[in-house]
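What follows is a set of notes on a single structure, which appears directly below.
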Amino acid sequence: MFPFLKHRSRSVHGEDAPSSTESSVTVAATDSGGACTTLTVWRKSLLVSCEGFTVIDSNGDLIYRVDNYARTRPEELILMDKDGNSLLLMHRTKKITLVDSWGIYEAIDTNGDAKVPKCPIWYMRKNLKMNILSTKSDILAYVYSGSFDKKNSYIIKGSYRCKSCKVVHVPLNKTVVEIKRKEVRTKGVLFGSDVFDLVVNPGFNTGLAMALVLLLDQMFS
């Protein structure tokens, strides 16, 4: 579908495309074996009247999409599959606060409308120190499971503006997701900061990884 964004030889097994029906948002603490999944993220909606994201696999096929009609400070974001079915819903926890924080919910899709469940399955909170200009901290945000289990906690480090970030599993100090500038593999094709790679380790949910990208974009764009 998007041949100009197609990856070449990015998966060891050549079968790195996640299923469009993937809905489980559990993640493994350690690698479950196999190759990493590399997705191309395009900071552009396929709808003319919207802002959003388009996510493509290594074959150039559409995997995820985000269509945001609210152009300024949305209170809610929805990650959809290629057919427009709601997968994950992200909702600001407070409208007025010094620290930007969001709940990530598994969307309940009813007649095309995503409803917010009572309890989030993940939380993401911006590092308060990032609001202080003099800070030298490279930690952008913290991610916790809905039960605040310390075994399922992550930090996001790096620079989102430069598209150089890592999601690190805290107990094991292990990188599970990376955001990278897209490598130029086709002569004459140049990619700006709106097109980048999302590299997801085996065992980590690709939908959740994309949800973290959406929230980083809200916090640091």
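As a basis for the values below, the full set of heavy atoms in this structure was taken, side chains included, without hydrogen atoms, waters or symmetry mates.
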Check: Leu198 and Ile179 side chains under 4.5 Å, non-hydrogen atoms: yes

Taking every non-hydrogen atom, the tightest pair across Pro202 and Ala35: CG-O, 3.4 Å

Nearest-0.5 Å distance that lies between atom OH in Tyr105 and atom SG in Cys119: 8.0 Å

Sequence-distant partners of Arg43, salt bridge (charged side-chain N to carboxylate O under 4.0 Å, His left out), two or more places apart: Asp217

Any side-chain heavy-atom pair of Asn68 and Cys50 under 4.5 Å: no

Salt bridge Asp197-Lys182, side-chain N to carboxylate O under 4.0 Å: yes

Test side-chain hydrogen bond (donor to acceptor under 3.5 Å, both in side chains) applied to Tyr123 - qualifying residues, sequence neighbours left out: none

Worked verdict on Leu77 versus Leu215 for side chain to side chain contact (heavy atoms under 4.5 Å, CB included): CA-CA 9 Å; Leu77 298 168; Leu215 298 186; 4.3 Å; yes

pair Phe220-Ser159: side-chain heavy atoms closer than 4.5 Å: no

Separation of Ile156 CD1 from Ile139 CD1 (nearest 0.5 Å): 11.0 Å

Validation row: Met90, Pro120 side chains within 4.5 angstrom (heavy atoms): no

With sequence neighbours excluded, residues passing side chain to side chain contact (heavy atoms under 4.5 Å, CB included) with Val66: Phe53, Leu79, Leu214

Partners passing side-chain hydrogen bond (donor to acceptor under 3.5 Å, both in side chains) against Glu178 (at least two apart in sequence or in another chain): none

Gap between atom CG of Leu89 and atom CD1 of Ile121 - 0.5 Å precision: 10.0 Å

Smallest separation among heavy atoms of Leu87 and Met80, with atom names: CD1-C, 4.0 Å

4.5 Å side-chain heavy-atom contact, Leu216 and Met124: yes

Note, Leu208 side chain near Ile104 side chain (heavy atom, < 4.5 Å): yes

Distance in Å, Arg65 CZ paired with Met210 CE, rounded so as to fall on 0.5 Å steps: 13.0 Å

Test applied, side chain to side chain contact (heavy atoms under 4.5 Å, CB included); reference residue, Trp102; option that passes from Glu76, Glu75, Arg92: Arg92

Test side chain to side chain contact (heavy atoms under 4.5 Å, CB included) applied to Ser145 - qualifying residues, sequence neighbours left out: Trp122, Ser147, Asp149, Asn152

Test item: Lys157 and Leu140 side chains (from C-beta on) under 4.5 Å apart, heavy atoms: no

Over-ring placement of Lys126 relative to Tyr142, 6.0 Å and 45° cut-offs: no

Which atom of Leu46 lies closest to which atom of Asp67, heavy atoms considered: N-OD1, 4.2 Å

Audit row: Val176, Val168, side chain to side chain contact (heavy atoms under 4.5 Å, CB included) steps and yes/no: CA-CA 6 Å; Val176 293; Val168 179; over 6 Å; no

Tyr64-Thr206 side chain donor-acceptor pair, cut-off 3.5 Å: yes

Check: Asn85 main-chain N/O paired with Asp83 side-chain donor or acceptor under 3.5 Å: no

Side-chain heavy-atom pair Ile56, Ile63 within 4.5 angstrom cut-off: no

Side chain to side chain contact (heavy atoms under 4.5 Å, CB included) evaluation trace for Val167 with Val143: CA-CA 9 Å; Val167 179; Val143 182; 5.6 Å; no

Nearest non-hydrogen partners of Leu39 and Asp57, listed with the distance: CD2-CA, 3.9 Å

Closest heavy-atom pair and its distance - Asn201, Lys174: ND2-CE, 4.2 Å

Nearest atoms (heavy-atom pairs only) where Gly103 meets Thr93: N-CG2, 3.7 Å

Value rounded to 0.5 Å, distance of CZ in Phe204 from OG1 in Thr175: 11.5 Å

Lys163 to Phe196, cation-pi by 6.0 Å centre distance and 45° axis angle: yes

Partners meeting side chain to side chain contact (heavy atoms under 4.5 Å, CB included) with Ser153 (sequence neighbours left out): Tyr144, Val170, Pro171

